[in-house]
Protein chains: 4
Amino acid sequence: MSKDDRRQALVQAAFNEIAERGFEGLRTREVAAEVGVNIATLHYYFPTKEALIRGVVDLAMERFRSTLAPAGSPADQLRNHLRAVRRLLRDEPRLGTVMAELALRSARDPGLAEILRETTGYWHRTVRALLRHAVTGGNLGPDLDSDDVAAAVIAVLISMTLPAAGADRADQSLRQLERWLGLPPATD
Amino acid sequence: MSKDDRRQALVQAAFNEIAERGFEGLRTREVAAEVGVNIATLHYYFPTKEALIRGVVDLAMERFRSTLAPAGSPADQLRNHLRAVRRLLRDEPRLGTVMAELALRSARDPGLAEILRETTGYWHRTVRALLRHAVTGGNLGPDLDSDDVAAAVIAVLISMTLPAAGADRADQSLRQLERWLGLPPATD
Amino acid sequence: MSKDDRRQALVQAAFNEIAERGFEGLRTREVAAEVGVNIATLHYYFPTKEALIRGVVDLAMERFRSTLAPAGSPADQLRNHLRAVRRLLRDEPRLGTVMAELALRSARDPGLAEILRETTGYWHRTVRALLRHAVTGGNLGPDLDSDDVAAAVIAVLISMTLPAAGADRADQSLRQLERWLGLPPATD
Amino acid sequence: MSKDDRRQALVQAAFNEIAERGFEGLRTREVAAEVGVNIATLHYYFPTKEALIRGVVDLAMERFRSTLAPAGSPADQLRNHLRAVRRLLRDEPRLGTVMAELALRSARDPGLAEILRETTGYWHRTVRALLRHAVTGGNLGPDLDSDDVAAAVIAVLISMTLPAAGADRADQSLRQLERWLGLPPATD
DNA sequence: AATGAATGAGAGTTCATTCAT
DNA sequence: AATGAATGAACTCTCATTCAT
């Protein structure tokens with residue numbers, strides 16, 4: 001197993017632990033055990049627990065950002081984006097959980113806060129661009145190309161990372177969002 | 001200081017600690033110190049850390065539920081509710097943080113999950129009732145009285161408990177929500 | 001309840017706790033709870049845990065010493081003594097347990113060691129006197145009136161306070177002792 | 001120092017602590033300090049205090065059982081056994097104390113009770129066999145080959161683990177036991 | 001005579017981190 | 001590159017004791 005593979009395995013294990021036990025329950029020994037290596041080996045790859053967490057942040061950000069890439073014909077990109085995010089959070093609920101954990105932690109971690117701010121900003125600009133394309137293409141009313149709409153879209157998607165509402169609520173709110181955007185509701 | 005006051009002081013201190021350091025950083029000694037009592041005194045009031053956390057759950061739920069009570073004339077109740085929640089989370093950002101922490105923790109704590117499920121259910125029914133009143137009163141189009149709309153409203157409000165978006169984004173998304181609901185945007 | 005009765009109730013409760021959990025598990029709060037009084041009340045009667053233990057020592061010694069008093073006709077006193085001790089330990093196994101606990105503790109408690117030394121000495125002299133009477137009365141061979149025999153008798157009886165051997169072993173050893181002493185074996 | 005040596009050192013230190021302070025006064029930190037390691041190191045070898053105590057049980061049982069092995073010509077084995085046990089308890093009084101502590105604890109610890117029951121049973125059978133050999137060899141009257149005699153022998157020896165009687169009493173009772181068994185009294 | 005409230009000291013246990021090998 | 005062994009610091013929780021009432 002290459003050095004990089006092992007690094008990734010450790011990060012992935014830490015990711016899983018955070019998803020299942022929260023930062024509250026994250027134990028480096030558990031992470032090492034999950035990968036089947038000694039705790040000292042973990043510290044060989046990541047000098048501190050914090051460094052390991054940085055690795056998890058990078059992993060989560062990368063996974064999420066790869067979903068943001070516009071896909072499909074311009075006319076469909078907005079609807080595809082909503083569906084892609086919903087599918088991501090449904091198929092990989094751990095990612096949503098970890099991102100929510102990171103969001104809460106960012107209040108005490110300026111470096112993390114900056115990273116999330118950048119990602120959120122990029123996401124906002126992406127959604128805004130999708131709105132613009134949809135308006136331009138005649139698929140959306142012109143009043144829907146605004147920061148406020150982008151923020152609302154993102155708000156609904158972000159709320160899906162918290163388990164409070166439940167999966168059904170997530171579907172309902174997303175459906176309504178699509179109605180407000182004038183998109184035919186998703187059915188998958 | 002009465003026994004009940006001290007209990008409340010301890011719960012409040014734990015609440016503050018969770019808001020500032022997360023469950024990850026909650027330390028009973030810190031809670032006791034914040035109230036100015038010995039750690040043994042804390043255990044005199046709450047036999048275990050978990051019991052103290054239960055106290056925090058009760059406090060958070062009570063604070064939040066007291067905001068749900070409809071206020072103002074029926075025609076204004078929906079708009080008032082949105083504003084009340086936004087104001088609550090703006091004036092008391094700790095409550096939002098704690099509730100998000102609780103939401104994440106509920107994935108590992110069935111008892112807590114049940115409590116949140118109940119509160120969310122109650123909230124949903126409340127919003128749904130407000131929508132119905134608004135439709136009945138002619139302030140809202142009839143298609144807006146649905147579980148989907150209630151879920152969307154709640155989703156936007158819930159997203160405000162996570163710091164990821166930032167205060168500005170919260171305002172934007174709420175303003176757009178009010179537009180979609182046909183309510184004049186809040187200005188305070 | 002008179003002051004003295006309450007004192008006695010506390011001592012008895014402590015006695016029971018020692019018998020059931022050993023000094024290892026003796027908790028003043030548990031003692032107070034067993035009597036139904038506040039822990040502070042216990043400290044009103046016994047300023048320290050050690051003082052309470054002294055009370056238990058007195059109680060145990062008194063109970064045991066009252067068994068030592070010769071009973072029956074001189075010819076039967078030796079056999080009666082053996083039977084009385086055996087019956088005491090069978091009917092009140094807690095007393096044996098507590099006395100063994102005290103014996104072990106005496107290694108670290110000179111005051112207690114002195115008390116046990118006195119009691120043991122008194123017991124030894126008592127048994128020795130019983131042996132002498134039996135010899136004088138012609139019920140025992142003259143070689144059985146000695147410190148060695150008294151010590152052996154007491155050794156067998158003391159061993160019955162430890163649960164290691166089991167009740168059957170206690171009966172067996174006592175029966176053999178009676179044989180060696182030329183007493184008809186006990187049958188009850 | 002090998003891993004096994006350190007384990008043994010910790011067990012031996014715990015053994016010493018129990019002998020000197022009883023289970024009542026057994027403190028893991030003290031045990032670690034006696035060996036000169038950190039308290040966390042102790043928990044590296046023994047996850048819990050109870051596991052450490054199990055180690056002490058094993059040590060005590062092994063030490064005691066190794067004394068039970070018959071030694072010398074068959075004609076002398078019984079006398080040698082008595083002398084060996086007496087010498088063991090005299091030279092290593094801690095072993096007697098620890099075994100008495102274990103005996104008392106066995107009342108609250110079924111696992112320990114089973115271990116002691118086994119050891120006592122084995123001891124009983126051993127003594128019984130020695131009695132049989134002595135009778136067969138003509139060194140003992142035939143009536144002395146019985147469970148009752150074995151039980152009496154063991155009772156006298158067990159009583160020596162309790163300090164109540166004192167060393168002199170132990171010698172006296174053992175001497176008398178040897179007389180009853182028809183063995184010339186020990187003189188060492 | 002009795003108690004509720006409070007505490008200092010210390011218990012067993014955990015955990016991220018280090019270091020010699 | 002990897003590990004077994006070790007640790008300092010800190011954690012939750014306990015307990016005998018005190019004190020104002």
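We name chains A, B, ... by the order of the sequence lines, and we start the count at 1 in each one.
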S.K.: Roughly, in whole Å, what's the span from CG in B/Asp4 to P in E/dA5?
M.R.: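 It works out to 11 Å between those atoms.
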
S.K.: Quick one: on DNA chain F, does D/Ala40 or B/His43 contact a more 5' nucleotide (nearest heavy atom)?
M.R.: D/Ala40

S.K.: Atom NZ of B/Lys49 to atom C1' of F/dC11: distance rounded to whole Å?
M.R.: 8 Å

S.K.: OP1 or OP2 of F/dC13 less than 4.0 angstrom from a side-chain nitrogen or oxygen of B/Arg29, does that happen here?
M.R.: no

S.K.: Rounded to whole Å, please give me the gap between CD1 in A/Ile39 and P in E/dT14.
M.R.: 15 Å

S.K.: Here's a test for you: under salt bridge (charged side-chain N to carboxylate O under 4.0 Å, His left out), which of B/Glu20, B/Glu17, B/Glu101 qualifies with A/Arg108?
M.R.: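 Result: among B/Glu20, B/Glu17, B/Glu101, B/Glu101 is the only option passing the salt bridge (charged side-chain N to carboxylate O under 4.0 Å, His left out) with A/Arg108.
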
S.K.: Can you measure D/Tyr45 atom OH to F/dT7 atom C1' for me and round it to whole angstrom units?
M.R.: 12 Å

S.K.: Tell me whether the NZ or CZ atom of A/Arg6 lies within the 45° cone about the ring axis of A/Tyr44 and under 6.0 Å from its centre.
M.R.: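 Ring-cation test returns no.
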
S.K.: Does E/dA1 pair with anything, Watson-Crick or G-U wobble, both distances under 3.5 Å, and if so, with which nucleotide?
M.R.: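 Matched E/dA1 with nothing under the 3.5 Å cut-off.
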
S.K.: Round to a whole Å and report the spacing from CZ of A/Arg7 to C1' of F/dA2.
M.R.: 16 Å

S.K.: Can you check the B/Leu42 CG to E/dA5 C1' distance for me, whole Å?
M.R.: 14 Å

S.K.: Please report, rounded to the nearest Å, how far the P atom of E/dA16 is from the CD atom of B/Glu24.
M.R.: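 After rounding, the gap between these two atoms is 11 Å.
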
S.K.: Looking at D/Thr41, does any N or O in its side chain come under 4.0 Å of the phosphate oxygens OP1/OP2 on F/dA5?
M.R.: no

S.K.: Can any side-chain N or O of B/Ser106 pair as donor or acceptor with the backbone N or O of B/Asp109 at less than 3.5 Å?
M.R.: no

S.K.: When the nearest nucleotide of DNA chain E is assigned to D/Phe46 and to A/Thr48 on a heavy-atom basis, which residue is associated with the more 5' position?
M.R.: D/Phe46

S.K.: Mind checking who E/dA16 pairs with, Watson-Crick or G-U wobble, both distances under 3.5 Å?
M.R.: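 The answer is F/dT7, by the H-bond criterion.
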
S.K.: Return whichever of A/Leu26 or B/Tyr44 has its heavy-atom-nearest nucleotide of DNA chain E closer to the 5' end.
M.R.: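 Nearer the 5' end of the strand: B/Tyr44.
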
S.K.: Does a salt bridge link D/Arg117 with D/Glu114, judged by any charged N lying under 4.0 Å from a carboxylate O?
M.R.: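 Result for this pair is yes, salt bridge flagged.
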
S.K.: Assess the side chains of C/Asn16 and C/Gln12: does a donor N or O sit below 3.5 Å from an acceptor N or O?
M.R.: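 Present: a donor and an acceptor within the cut-off.
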
S.K.: Can you measure A/Glu17 atom CD to E/dA16 atom P for me and round it to whole angstrom units?
M.R.: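 After rounding, the reported distance stands at 11 Å.
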
S.K.: With a 4.0 Å limit, can you tell me whether D/Asn38 has a side-chain N or O closer than that to the phosphate oxygens OP1/OP2 of F/dG8?
M.R.: yes

S.K.: Could you tell me whether the phosphate oxygens of E/dA5, OP1 or OP2, come under 4.0 Å of any side-chain nitrogen or oxygen in B/Lys3?
M.R.: yes

